[in-house]
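First the proteins, then the strands, lettered A, B, ... as listed; each starts at 1.
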Amino acid sequence: MPELPEVETMRRGITPVIGARIADVKRIRSRHRPLVISPAARSFRRRAIGTTIAGVDRIGKRVVLQLDNHEAIVFEPRMTGLVLLTDPPDRDHLRLTIDLTDARPRQLFYWDRRGLGHIDLLSAAELAQRFAPDRIGPDALDVTARQLANRLASSRREIKVALLDQRSVAGIGNLYASEILHLARIHPAIGCSALTGDQWRALHRAMRRVLNAAIRHEGSTLRDGTYRNALNVAGGYQNHHRVYDRANLPCPVCHRRVVRIVQAQRSTFFCPRCQGPRQTESASPVRRRESGNIAPTR
DNA sequence: CCCCAGTCCTGCGGGC
DNA sequence: TGCCCGCAGGACTGGG
């Protein structure tokens, strides 16, 4: 389930393709349903072949190859997609290859076990429209505490559910939402409008700390072993998870059992002592002063 | 606007 | 041991 740290690790891992020219694009046939790409294969190839990769960006949970003709190839890995420079985990789920010339890596691979991912070739205008501000929020590593509070504080949704909405803030998925809320000591089911200024600040700080630490460890490779970096090496942040997938195991802070609940049909893990009870408990043990309270505008 | 359920898909693990 | 079923969830869609 690549989220921001995993996708950022992919992005960094494939930067050697910058300057390479695309010699061919091949969609791989297998016993599985063909991967969704747009436009259709023929026109995708016509537009991509011969272009040079000018940059590698990330938009939320997508990797973007910027081409020198001002078009872009967008990889959206969803649950099990990987963008790699080396041979993928297996041949059976290899979905697309991009042959390169004029650079050291000879090929770029897209591998996807479940095949839920998408690959799109977009013009600059299409890219701008696809990622317009009303369709995707600020990146979780760029958003400020004040922006976060302004965007969400008027909502009555539960904070965990709001964090998963890519229009609120981009890049957080189910795993890191639980991790961030635990570090911030905020109950996942608390309504956004009930969060205090201190809690918004704690949330923002925890978001940066968790995501940056996960990037340093090159993401989380869960028990199914799916996630790998661009060189097919597993990440290490799973060894630092505080609550995710740790139901009934001790909270690393207070040793009380971690609890699993379901919100919006997804698992949430939290510590009922560190993150509860709802509505009470200040985010910080130190009594706060008035200064610098984040007041949502309007 | 907000929220929920359904959809896509494959591999795995629990239960019988 | 083998088989079936449910679960995992990112992004989107349609309905209330």
Side-chain angles (χ1 to χ4, degrees), chain A residues 1-8 10 27-38 58-64 74-83 88-96 110-120 122 126-127 129-137 139-140 150-180 188-189 191-194 211 219-228 238 241 243-248 260-269 296 298:
Chain A
M1 8 104 317
E3 304 180 25
L4 187 152
E6 290 76 26
V7 177
E8 175 62 17
M10 288 178 206
R27 192 158 54 144
I28 310 298
R29 271 195 225 92
S30 74
R31 62 192 178 87
H32 304 291
R33 155 186 165 276
L35 187 78
V36 174
I37 70 171
S38 83
R58 178 180 60 77
I59 300 180
K61 300 174 191 170
R62 291 132 170 130
V63 173
V64 181
V74 179
F75 294 90
E76 185 179 319
R78 301 219 181 161
M79 294 301 297
T80 54
L82 299 177
V83 184
D90 66 55
R91 228 54 199 179
D92 190 35
H93 300 94
L94 180 61
R95 309 289 181 155
L96 188 103
Y110 181 76
W111 179 94
D112 194 336
R113 180 154 56 76
R114 284 164 66 178
L116 295 175
H118 288 238
I119 302 175
D120 300 307
L122 303 175
E126 289 167 333
L127 189 80
Q129 189 184 354
R130 173 78 67 92
F131 301 110
D134 63 327
R135 302 191 63 178
I136 188 164
D139 193 81
N150 283 346
R151 298 179 74 83
L152 292 177
S154 63
S155 168
R156 290 208 298 261
R157 304 157 86 184
E158 297 174 337
I159 183 62
K160 155 70 159 40
V161 177
L163 286 177
L164 294 183
D165 185 344
Q166 302 300 295
R167 290 168 302 186
S168 310
V169 60
I172 297 171
N174 201 50
L175 190 163
Y176 291 102
S178 284
E179 292 297 305
I180 288 165
C192 289
S193 57
L211 296 176
S220 299
T221 299
L222 302 183
R223 277 196 298 260
D224 69 3
T226 298
Y227 170 71
R228 329 287 291 180
Q238 66 281 2
H241 288 176
V243 288
Y244 182 78
D245 204 17
R246 290 177 50 81
N248 298 317
R260 172 185 179 272
I261 59 172
V262 174
Q263 295 177 275
Q265 300 138 260
R266 273 160 212 157
S267 295
T268 302
F269 300 89
R298 90 178 212 92

Looking only at atom types and distance, does a side-chain atom of [X] sit under 3.5 Å from a main-chain N or O of [Y], one as donor and one as acceptor?
X: T226(A); Y: T80(A); result: no
X: Q166(A); Y: G137(A); result: no
X: K61(A); Y: P5(A); result: no
X: E8(A); Y: R58(A); result: no
X: E3(A); Y: Y176(A); result: yes

Taking only N/O atoms, report every protein-nucleotides 7-9 of chain C pair under 3.5 Å with atom names and distance.
from, atom 1, to, atom 2, distance (Å)
dA8(C), OP1, R260(A), NH2, 2.6
dA8(C), OP1, S267(A), OG, 3.2
dA8(C), N3, R114(A), NH1, 3.2
dG9(C), OP1, N174(A), ND2, 2.7
dG9(C), OP1, Y244(A), OH, 3.2
dG9(C), N1, R114(A), NH2, 2.5
dG9(C), N2, R114(A), NH2, 2.5
dG9(C), N3, R114(A), NH2, 3.4

Nearest-Å distance for atom pair [atom1]/[atom2], residues [X] and [N]:
X: K160(A); N: dG10(C); atom1: NZ; atom2: P; result: 8 Å
X: R78(A); N: dC12(C); atom1: CZ; atom2: C1'; result: 7 Å
X: Q166(A); N: dC2(B); atom1: CD; atom2: P; result: 16 Å
X: R113(A); N: dC12(B); atom1: CZ; atom2: P; result: 6 Å

Remember a base hit wins even if backbone is also touched, and classify [X] as base, sugar-phosphate or nothing at under 4.0 Å, heavy atoms.
X: G115(A); answer: nothing
X: R157(A); answer: sugar-phosphate
X: R62(A); answer: sugar-phosphate

Exercise. Can you tell which of R157(A), K160(A), E158(A) makes a side chain to side chain donor-acceptor pair (under 3.5 Å) with Q263(A)?
Worked result: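 The option that passes is E158(A).
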
For this session: Could you tell me whether the phosphate oxygens of dC9(B), OP1 or OP2, come under 4.0 Å of any side-chain nitrogen or oxygen in R33(A)?
Result: yes

Problem set entry | Any H118(A) side-chain N or O less than 4.0 Å from OP1/OP2 of dC8(B) |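 Checking dC8(B) against H118(A), no side-chain N or O comes under 4.0 Å of OP1 or OP2.
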
Under 3.5 Å between N/O atoms: give me all the protein pairs with nucleotides 2-5 of chain C, atom names plus distance.
none

Exercise. Can you name the nearest heavy-atom pair linking H118(A) to V36(A), along with the distance?
Worked result: ND1-CG1, 3.4 Å

For this session: Show the numbers, then the answer: is there a side chain to side chain donor-acceptor pair (under 3.5 Å) between S30(A) and D92(A)?
Result: CA-CA 7 Å; S30(A) 74; D92(A) 190 35; 4.6 Å; no

Exercise. Quick one: do R78(A) and D112(A) make a salt bridge, cutoff under 4.0 Å?
Worked result: no

Problem set entry | Nearest-nucleotide comparison on DNA chain B, the residue closer to the 5′ end among D92(A) and A264(A) |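 Of the two residues, A264(A) wins.
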
Exercise. So which one's nearest nucleotide on DNA chain B is more toward 5', R223(A) or H32(A)?
Worked result: H32(A)

